Participant: 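This is the structure I have questions about; it appears just below.
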Amino acid sequence: MQLPSAANPKRLPFIELQSVDSTNKYAMNLLRAASLPDRQDIALHGLSVFSHEQTSGKGQRGKQWSSEKGSNIALSIIINPFPLTLSEQFRLSVCAAVSVHEFFSALAGEETKIKWPNDLYWRDRKAGGVLIENVIGEQNSETGSRKPELWKWAIIGVGININQTIFPVDLPNPVSLKQITGKDFVPVDLAKKLCSIFFSNFQLLVDGKFEQLFYQYQTHLYKKEMTVKLKKSNRVFEATIKGVSQTGQLITQHTEEERFDFGEVEWVIQPNEPKK
């Protein structure tokens, strides 16, 4: 599979909306309307949806992503993940996180980090995040046995704070590119640049070069080799972040090594004073 040239963003299919409830929901509706016959039909593969306003943006674990109108990146990218399999879902997450990091660090500097599994951090403050939603189907079965599941589509939702300087009080540690650099940016132009970076990295993934992306992920991992507070159910504990496994488990060290799946533990991060 060969993607459109990332060196020429004008060739990448890109929808720009003024307002939408959720770019991920809009992208999902496009997939549903397409009456997908099988994984060979990739007419929507690589299509990006950007909106200047999201009225009901999605965050991780059912949370809402709050974003000021006209100030930030609200972007969803439709991907046919072939040749990746369902067991390799974390590889796409790595690709997205590395791409967002590469994009943001070029503007905000080396203090930009990837917080497991795919949040974008600058110092100890959240600048953005990634939410991936999948469409799962069934493969054809010639034996009449139970049909194996097929990873048909992925929608990669990206939210990044660009020009916003005032945030809801219930957000503990937000930060924007403008707060970091003191400059104003054009969010839709930056979104197109991010798409270009993502498609370049996704081509590496398709070409079997996951290790190259995974190295970047580990190199820029937030709090690596540092002691942090984590929470599992009612247990709050300190542990050293050692890295992340290739299947997406957070590797920590306390009295012994422990590994956690996404959603199994929460970070305990102290809120910062809001900065304007």
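Everything numeric here is computed off the predicted structure, so don't read it as measured data.
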Participant: Check whether any side-chain N or O of E88 sits under 3.5 Å from a backbone N or O of T85 as a donor-acceptor pair, and report yes or no.
Facilitator: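 Yes; at least one donor-acceptor contact below 3.5 Å.
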Participant: Quick one: list whatever passes side chain to side chain donor-acceptor pair (under 3.5 Å) with E16, sequence neighbours left out.
Facilitator: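 Side chain to side chain donor-acceptor pair (under 3.5 Å) list for E16, sorted by chain: H52.
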Participant: Is any NZ, NE, NH1 or NH2 atom of the basic residue among D124 and K223 found under 4.0 Å from an Asp or Glu carboxylate oxygen of the other?
Facilitator: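 Yes.
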Participant: Kindly say whether G109 contributes a backbone atom to a donor-acceptor pair with the side chain of S105 at under 3.5 angstrom?
Facilitator: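 Looks like no, no N/O pair under 3.5 Å.
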Participant: Would you call K152-E133 a salt bridge at under 4.0 Å N-O?
Facilitator: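 Answer for the salt bridge query: no.
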Participant: Are any side-chain N or O atoms of Q179 and backbone N or O atoms of S176, one a donor and one an acceptor, separated by less than 3.5 Å?
Facilitator: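 Yes.
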Participant: Nearest 0.5 angstrom please: E102 CD to T112 OG1, how far?
Facilitator: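 Between E102 CD and T112 OG1, I get 12.0 Å after rounding to 0.5 Å.
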Participant: Does a salt bridge link E264 with K232, judged by any charged N lying under 4.0 Å from a carboxylate O?
Facilitator: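 A salt bridge links E264 with K232.
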Participant: Does one hydrophobic cluster hold both V236 and M226, with members joined at side-chain heavy-atom distances below 4.5 Å?
Facilitator: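 No, it is not one cluster - the side chains of V236 and M226 are not joined through contacts under 4.5 Å.
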Participant: Distance alone, cut at 3.5 Å: any donor-acceptor contact between the side chains of T23 and S51?
Facilitator: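 Their side chains do not contain a donor-acceptor pair, so the 3.5 Å distance test is not met.
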Participant: Distance under 6.0 Å and angle within 45° of the ring axis: does K229 meet both against F237?
Facilitator: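 Ring-cation test returns no.
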Participant: According to the interplanar angle, ranging from 0 to 90°, do the rings of W267 and Y222 count as parallel (below 30°), tilted (30 to 60°) or perpendicular (above 60°)?
Facilitator: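 Rings of W267 and Y222: tilted, 30 to 60°.
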Participant: Hey, is the main chain of E238 close enough, under 3.5 Å, to the side chain of H254 for a donor-acceptor pair?
Facilitator: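 Between the backbone of E238 and the side chain of H254 there is a qualifying donor-acceptor contact (under 3.5 Å).
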Participant: Tell me which donor-acceptor pairs under 3.5 Å the side chains of residues 89-97 have, and how far apart each pair is, sequence neighbours excluded?
Facilitator:
residue	atom	partner	partner atom	Å
Q89	OE1	N134	ND2	2.8
Q89	NE2	L86	O	3.1
S93	OG	N118	ND2	2.9

Participant: Applying the side-chain contact (heavy atoms from CB on, under 4.5 Å) test to F50, which of L17, L194, V188, L190 qualifies?
Facilitator: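 Between F50 and the candidates, side-chain contact (heavy atoms from CB on, under 4.5 Å) is satisfied uniquely by V188.
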Participant: Can you check whether N24's main-chain N or O pairs, donor with acceptor, with S76's side chain at less than 3.5 Å?
Facilitator: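 Side chain of S76 to backbone of N24: a pair is present.
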Participant: Give me the atom names and distance for the closest heavy-atom approach of N163 to K178.
Facilitator: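 Closest pair (atom of N163, atom of K178, distance): O-CD, 3.6 Å.
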Participant: Charged N to carboxylate O below 4.0 Å: is that the case for E111 and R123?
Facilitator: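 Here E111 pairs with R123 in a salt bridge, since their nearest N and O are under 4.0 Å apart.
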